[in-house]
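A quick write-up on the structure given underneath.
We're numbering straight along the sequence, starting at 1. Indexing begins at 1, ligand by ligand and atom by atom, following the structure's order. Being a predicted model, the structure only gives us computed values, none of them experimental.
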Amino acid sequence: MTDIPRLRRQGSAPAPGIMHLGPGAFFRAFLSPWTDEAMKMAGGDWGIVAVSLQSSGARDRLAPQDYVYTALERGPGGDIPRRVDAIAEVMVAPEDPAAVIARMADPAIRIVSLTITEKGYCRDPQTGDLLPDHPDIRHDLANPDKPVSAIGFIVAGLKARRERNLPPFTVLTCDNLPMNGRMVRKVVTAFAHEIDPALGAWIETDAAFPCTMVDRITPATTPQDIDRLASSAGYLDEAAVIHEPFRQWVIETGFTDGHPDWTAVGVQFVSNVEAHELMKLRCLNGTHSALAYLGYLAGHETIADTVADRPFEALCTSLWQEEILPTLETPEGEDLPRYCQSLMARYQNPAIRHRTWQIAMDGSQKLPQRILGTIADRLAHGVVPHGLCLVVAGWIRYVGGRDETGALIDVRDPLVDSLRTATRTDDPVGAVLAMDSIFKPELTANAGFVDAVRTAYDRLGRDGSHACVAALAS
Ligand code: CS2
């Protein structure tokens, strides 16, 4: 592919208005194209300074092509490529943290957005409180001018703005967490109070942290995707991303200093996003995790492969109808049964190769909001949700590190060591359920829940995932 020219920018880069932390595939398939289209349609200086908190990978791929890249919409009928021009620059925080903080204090930057995954918030997954003993938080409290965590950077940036008498930027989280804006507000103000109570008080009264619901399925880009694009488009784009046709972004109103005209391109602004968030986290992410663990154990590589296996399709339908929808309020403008039908069509998109292994990552950070809250709501109504209990049991099998053929699983999770130790005891279910950063004591005190998980765990070991799913769905 070396003889193929690299994609390059035509015209000049947009003037920056947003700083974004976490320039991974989801950002490049979601916030960045949406902002690009809003600027192209309605104008505004909302170019994006993207900041990588870890590796230089995104910068190294984007810089040689002037930060321009292709977002490839992949539907069952083929690919539709779109050029995205919204990124003005990519910075690599560990190379020069002071430069990132200085940029956050530039009056032109009015929004700091984030896609840093659930674990990036250094919070207790269950209570949402800042983890003061998290190694990155300990580091940042001791070195507030040279932070490594997103939280440390946001507080340092807000501090620099306050010193310059600038209004705070709006902090816009785009990660799959319930009431995600409230959660970031909580961890940011807790951190700020530790270093300077007056700063903490200013952030509490003046800063804005709107909640958001974000949705677009974005599988990891493969080298084959890059080659295929090069052959069809005639240019090399090492930062290309693949995404499904569907997208939905619901944002709470209340920014400190404006935002791009996202409404012009279909973003929904609402006064309270909670019902949308719960619908999406429980219906989509909940069944995604169910298919990821149980599908992986049954030997399926992708979500589309898993739902092509009839019992797994039936499992999703029964989880939605029997266990998830009864816990939800209908958000304005939505129809829950129709929403679930469209989810199944999205999962079945054969062109999207979304790996079960990719979704299975970081389960300790995902389970509480995707699965455990729904279980607790059903238990409160006196019903034991056996399907979701099977999912919890499937996750415990998965983090045990061996699939049903005895092959090793590459388990990725910030708690991987404790999970491995727990699953190697005589009572793996008891030891995992005792991990109180994941499971609320009220939940594990419910005998119906514990029995259902134990029974499902034993059956999975005896009969395998496919048979257990088929038995449940029949
Ligand atoms: C997935 C999500 O990887 C995962 O855990 O469940 O990334 C999912 O694809 C998105 O939330 C869809 O909007």
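For atom 7 (O) of ligand 1, the closest non-hydrogen atom on the protein side is Asn176 ND2, 4.3 Å. Of all protein heavy atoms, the one lying nearest to atom 2 (C) of ligand 1 is Asn285 ND2, 3.6 Å.
Per-residue contacts place Asp215 under 4.0 angstrom from the following atoms of ligand 1 (heavy atoms of the residue considered): 12 (C), 13 (O). Those atoms of ligand 1 with a heavy atom of His354 less than 4.0 angstrom away are 9 (O). The distance from ligand 1 to the heavy atoms of Lys366 drops below 4.0 Å at these ligand atoms: 3 (O), 4 (C), 5 (O). Shown in contact with Arg216 at under 4.0 Å from a heavy atom are these atoms of ligand 1, numbered in order with element: 12 (C), 13 (O).
Contact of the His243 side chain with the Arg28 side chain is not registered, since no non-hydrogen atoms from C-beta on lie closer than 4.5 Å. Residues Val51 and Val92 have side chains not in contact (no heavy-atom distance under 4.5 Å, counting atoms from C-beta outward). Within the 4.5 Å cutoff, the side chain of Ile18 has heavy atoms near those of the Pro260 side chain. Here the side chains of Leu172 and Phe255 are in contact, with some heavy-atom distance below 4.5 Å.
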> Given the rule in the side-chain contact (heavy atoms from CB on, under 4.5 Å) test, do Phe312 and His466 qualify, once you have shown the distances and angles that lead to the verdict?
Replying inline: CA-CA 8 Å; Phe312 285 88; His466 195 275; 3.8 Å; yes
>> Show, in sequence, the C-alpha distance, side-chain angles and deciding distance for Val250 and Lys280, and conclude whether the side-chain contact (heavy atoms from CB on, under 4.5 Å) test is met.
In response: CA-CA 11 Å; Val250 189; Lys280 195 260 168 169; over 6 Å; no
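Side chain to side chain, Thr374 and Thr327 fail the donor-acceptor criterion of an N or O pair below 3.5 Å. Asn176 and Glu118 form no side-chain donor-acceptor contact under 3.5 Å, judged by distance and modelled atom types alone.
Considering backbone and side-chain N/O atoms, His288 comes within less than 3.5 Å of an N/O atom of ligand 1. Residue contacts with ligand 1: Thr218 is placed with no nitrogen or oxygen under 3.5 Å of a nitrogen or oxygen of the ligand (distance criterion only). Every N/O-N/O distance between Gln358 and ligand 1 stays at or above 3.5 Å.
If you look at Ile359 next to ligand 1, the close heavy atoms, those under 4.0 Å, come from the backbone and the side chain alike. When non-hydrogen atoms are compared, ligand 1 lies under 4.0 Å from neither the backbone nor the side chain of Gln248.
Distances from ligand 1 to the non-hydrogen atoms of Lys280 include at least one value under 4.0 Å.
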